[in-house]
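Naming: A, B, ... by sequence-line order, numbering from 1 per chain.
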There are 2 protein chains.
Amino acid sequence: MIDNPYYSPQVHEDYRLISIGRLELEEGGVLPDCQLAVRTWGTLSPDRDNAILITTWYSGTHQVWADAYIGAGHALDPERYFLVAVNQIGNGLSTSPHNTPDDSISMSRFPKVRIGDDVVAQERLLREHFGIDRLALVVGGSMGAQQTYEWAVRFPDKVLRAAPIAGTAQNTPHDFLFTETLNEQIWSDPGWNGGEYTSNTEVADGLTRHAHLWGTMGFSTEFWKQEKWRALGFGSREAFLTGFLEPYFTTMDPNDLLAMAWKWQRGDVARHADGDLAAALSRITAVTYVMPIDEDMFFPVRDCAAEQLLIPGSQLRVVTDEHGHLGLFAVDPGFMPQIDRHLAELLETPAG
Amino acid sequence: MIDNPYYSPQVHEDYRLISIGRLELEEGGVLPDCQLAVRTWGTLSPDRDNAILITTWYSGTHQVWADAYIGAGHALDPERYFLVAVNQIGNGLSTSPHNTPDDSISMSRFPKVRIGDDVVAQERLLREHFGIDRLALVVGGSMGAQQTYEWAVRFPDKVLRAAPIAGTAQNTPHDFLFTETLNEQIWSDPGWNGGEYTSNTEVADGLTRHAHLWGTMGFSTEFWKQEKWRALGFGSREAFLTGFLEPYFTTMDPNDLLAMAWKWQRGDVARHADGDLAAALSRITAVTYVMPIDEDMFFPVRDCAAEQLLIPGSQLRVVTDEHGHLGLFAVDPGFMPQIDRHLAELLETPAG
């Protein structure tokens with residue numbers, strides 16, 4: 001267990017830890033006391049029919065949703081909906097390698113967790129803790145999209161609408177390899193020490209290189225060509241790297257990132273249909289908007305569109321943003337209006 | 001000086017080393033005895049008007065041109081043309097960090113070389129050694145395209161036709177950052193030792209990670225999705241990585257790769273016009289076919305097309321290949337027919 005101030009209520013507001021008890025994992029491991037970091041907004045209606053689940057991406061938490069996606073004027077409006085953001089297992093707020101007090105599963109001993117485990121944990125949380133049996137919407141970006149697809153395939157009766165943004169139902173081989181290069185930056189840092197470092201600062205070099213890979217693959221060629229970082233308040237490319245991208249990742253926990261990466265690499269709803277992706281996606285009954293970002297270099301529109309065609313009654317809603325995949329941070333002024341428009345329309349669509 | 005069998009006549013056939021003497025470099029350094037590794041095909045015509053210069057890419061040599069691009073039935077036909085392939089400085093065959101016997105510039109002491117230095121060296125070689133003053137064509141891919149553009153801007157009277165394939169006249173910031181991540185894989189290997197290793201095998205870990213970055217950025221998302229490696233004779237993704245991509249790069253010299261990378265990052269013909277790219281490209285009088293590869297992830301069509309618009313009388317000829325940038329290896333059956341068609345048409349176009 002490591003004290004890392006990034007994963008604290010000072011940085012991540014207004015969440016609480018809720019134990020869902022013992023969680024047996026798909027790969028055979030166990031989280032004896034699975035704690036999920038949860039933030040909610042709004043009020044559950046008497047009919048319990050206004051609940052929306054928000055899932056989180058690699059390296060992400062509920063905070064970016066709080067800051068950019070949720071509030072009056074957004075589709076995700078707490079005046080109308082009961083919004084529940086659940087931080088994924090391993091993200092540093094929910095039970096994770098660096099924060100578990102259980103020495104038998106801490107750090108390098110953390111068991112392998114899959115997207116399916118997150119969704120099983122979330123379903124139990126919603127049902128047992130909030131009394132929610134059906135979701136008006138599941139929405140998430142990137143690894144959050146993986147969880148969204150997993151929900152829609154695994155629990156079709158519980159998901160009325162689904163909005164996977166910038167992610168796929170079945171991770172692609174290119175994505176697997178990209179993620180592996182992220183991991184290698186951490187593994188190759190002698191400070192990582194097989195996962196038994198005493199502070200993330202010992203892995204600063206590896207985390208910095210890891211950040212640089214996000215620089216080329218996470219944004220787009222146009223992001224750099226058009227110097228979009230200027231609009232983020234930086235005076236040079238180097239200042240953006242050292243002032244934003246590097247500190248963003250070097251504050252994080254290496255084992256937590258590796259736990260999420262392992263999960264990301266293996267996201268695949270076809271597990272529910274003996275490897276048949278078409279059969280798995282055909283189970284979806286949710287009204288689904290597939291929402292790739294046009295400049296995404298590793299969840300390209302092409303891959304998302306191919307899956308969308310396999311989802312009954314779904315629609316492809318391409319989001320344009322030259323920030324590429326990291327457009328998910330909603331820093332482009334044009335991003336949230338598109339997200340809000342699509343989600344509002346989706347939420348107005350009759351379902352169930 | 002290191003003995004590395006990859007850079008030998010056993011692997012690279014039929015080249016000879018030609019000294020062009022002392023080469024003073026743009027950045028202030030000097031190569032006291034610049035040796036260029038040169039291979040030629042065909043016969044120079046009495047009018048000396050059938051010479052074609054072939055330039056090489058990062059990590060590449062003349063060999064891939066010999067194996068795939070040149071010969072009877074190809075546009076680059078030795079029956080018609082006198083073809084001169086000049087290996088770029090630092091590529092391991094021409095004067096390079098690992099092979100120079102001059103201790104004052106060997107290994108970590110190798111001076112910074114620019115694309116412009118290569119082109120100056122090539123021009124001197126062609127003029128003094130072969131008596132060639134004008135080129136029917138300059139053609140090269142990737143860093144070879146950078147050299148092609150440099151030729152057309154720096155020596156407009158000497159270049160009748162130009163075919164930059166999968167490369168840009170002014171390196172993009174995204175490309176700079178991508179290349180930097182390649183470098184970081186080498187720098188971060190303790191075996192690199194500031195450039196003072198005794199064998200490339202000491203840097204095998206870094207070179208392996210370096211190879212993996214090529215795996216994600218060098219190919220395309222479709223290359224992996226469609227399992228194009230099967231056509232290359234591999235039974236699995238892992239077999240392709242460990243059987244092709246890793247050995248391809250781990251046999252190479254780290255300092256040589258770094259020397260080429262530094263050059264690649266700073267390729268920019270705008271140096272000739274006080275930073276004004278449009279002014280520099282407007283100097284081109286060569287009939288120019290700009291030939292990006294449609295699935296290239298780091299020299300995207302968009303970047304190449306923007307430059308093409310600035311070149312008088314030029315044409316954009318997009319090459320389709322799901323192998324992406326490394327389509328340059330000409331392994332896709334559809335690749336060479338496109339290259340040959342464009343180059344043949346270009347060579348038939350009156351110029352000068």
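Proximity to chain B is limited to the side chain of A/F176, based on heavy atoms less than 4.5 angstrom apart. Using a 4.5 Å cut-off between heavy atoms, B/A306 touches chain A through its side chain atoms alone. Within the 4.5 angstrom heavy-atom criterion, no atom of A/D175 approaches chain B.
In this structure, A/Y58 and A/F249 have tilted ring planes: the angle between them lies in the 30° to 60° band. The aromatic rings of A/F298 and A/H325 sit tilted, their planes meeting at an angle between 30° and 60°.
Comparing A/M217, A/K225, A/R302 by heavy-atom pairs within less than 4.5 Å of chain B, the highest count is held by A/R302. Residue with the most contacts toward chain B among A/Q185, A/R209, A/E180: A/R209 (heavy-atom pairs, distance under 4.5 Å). Per-residue counts of heavy-atom pairs under 4.5 Å with chain A were compared for B/T172, B/T208, B/D205, B/D303; the largest is that of B/D303.
Closest heavy-atom contact between A/D253 and A/N4: N-ND2, 4.0 Å. Between A/Q338 and A/V319 the shortest heavy-atom distance is OE1-CA, 3.4 Å.
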*Tell me, with the steps shown, if B/R237 and B/E227 meet salt bridge (charged side-chain N to carboxylate O under 4.0 Å, His left out).*
CA-CA 8 Å; B/R237 186 173 70 200; B/E227 303 189 343; over 6 Å; no
